[in-house]
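For this chain, numbers begin at 1 and follow the sequence in order. As the structure lists them, so they are numbered: ligands from 1, and atoms in each ligand from 1.
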Amino acid sequence: MAPSTLYEPYDLGPYTLSNRIVMAPLTRSRAGAGNVPQDINAEYYGQRATAGLIITEASQISPQGCGYPSTPGIHSPEQVKGWIKVTKEVHDRGGRIFLQLWHVGRISHPSLQEDGALPVAPMALQPRGDAFTYQGLKPFVMPRALETGEIPGIVGQYRRAAENALMAGFDGVEVHAANGYLLDQFLRDGTNFRTDGYGGSRRNRSRLLMEVLETVTGIWGGERVGVRLSPLNGFNDISDTDPQATFGHVVEALNRFGLAYLHAVEVDMTGKLGDTFDWQKLRNAFDGPYMANGGYGRERAEQSIDSGPADLVSFGVPFIANPDLPARLAEGATLNKADPETFYGGDSRGYTDYPTLKDKAA
Ligand code: PHB
């Protein structure tokens, strides 16, 4: 049997990716003081440069967008300098790298905000659960509802972050509109029944994402901008009464931007079962490349690429433990097992010390 096209080059916007295997965004919480990327972060991404494309861990677009300890930002000059080390290392090793733009909205805590401010959200609805703070887990607080007049300021945060990403040498950006963070909080009817132009109807709930994309594609061009959505994910206490209709609407509205790809998280990170969602229908509504994500292994990835619906498949946890994941998948080699104890925070252990096949042979 012919080898799968998973391992063949793929033309994505202006780039020719070396394969269709993408490193998914993964929070690792190992940025330095000031949420600045360090040499060790450059080493980590450089080790994974054989991915067709790397999407960085979610990176806050502003101090207000931060919701976790030691996640990198893209709002200060020091952070831009730090990211330059990362993009250089990846490019020197022949890879391509997009930055994921992140605003957490209500999934934060006053202790992570400037002057102990309240996290902001579409509405004053307190999420169930706990925030990760520098002082350990603390219950989420009641967020402050954004006023209509503050929305241009949010779009402005995305604009400056997108400009910074360009200066930092990235190949593109991914707008994070998934997993219960700010843009997803606007998209879903469980967290957004605002009565202004940014809430209520599907069209209104999509408005902020569309304004963000208008701005970000104005800087990067649509062909270097991706969007991540997670229609089924209940993570971060998020919900929608009709995900198929909501995200069908969102995807149709995305078409006018000529985006690099739609990145779909096809799973529910809270582990709930019962997938009644029609992914093929969502995929068909989108005019551009479809990047599938969520628990894919070798066989399902090959199948999804060779007989549709995916053009690209992104892998998360397997990339943590296997810096040379594309080679391993191509050879059908055994994969290293990832250690969840070292996913978030810490040092080089469980970060830059997973062996490649070559290391093992040496
Ligand atoms: C996390 O830190 O757990 C996290 C961050 C971003 C995501 C999902 C999970 O999109």
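Contacts of Asn41 classified as side-chain hydrogen bond (donor to acceptor under 3.5 Å, both in side chains), with partners at least two apart in sequence or in another chain: Tyr351.
At distances below 3.5 Å, at least one donor-acceptor pair connects side-chain atoms of Ser108 with backbone N or O atoms of Cys66.
Glu57 places a side-chain heavy atom less than 4.5 Å from the side chain of Pro72.
The pair Arg298-Glu302 counts as a salt bridge, with a side-chain nitrogen and a carboxylate oxygen less than 4.0 angstrom apart. In summary, Arg205 and Asp240 engage in a salt bridge, as defined by a charged side-chain N under 4.0 Å from a carboxylate O.
Protein residues having at least one heavy atom under 4.0 Å from any atom of ligand 1 are Thr27, Tyr68, Trp102, His176, Asn179, Tyr181, Phe235, Met269, Tyr344, listed by chain and number.
Both the sub-6.0 Å distance and the 45° axial angle are satisfied by Arg300 relative to the ring of Tyr296.
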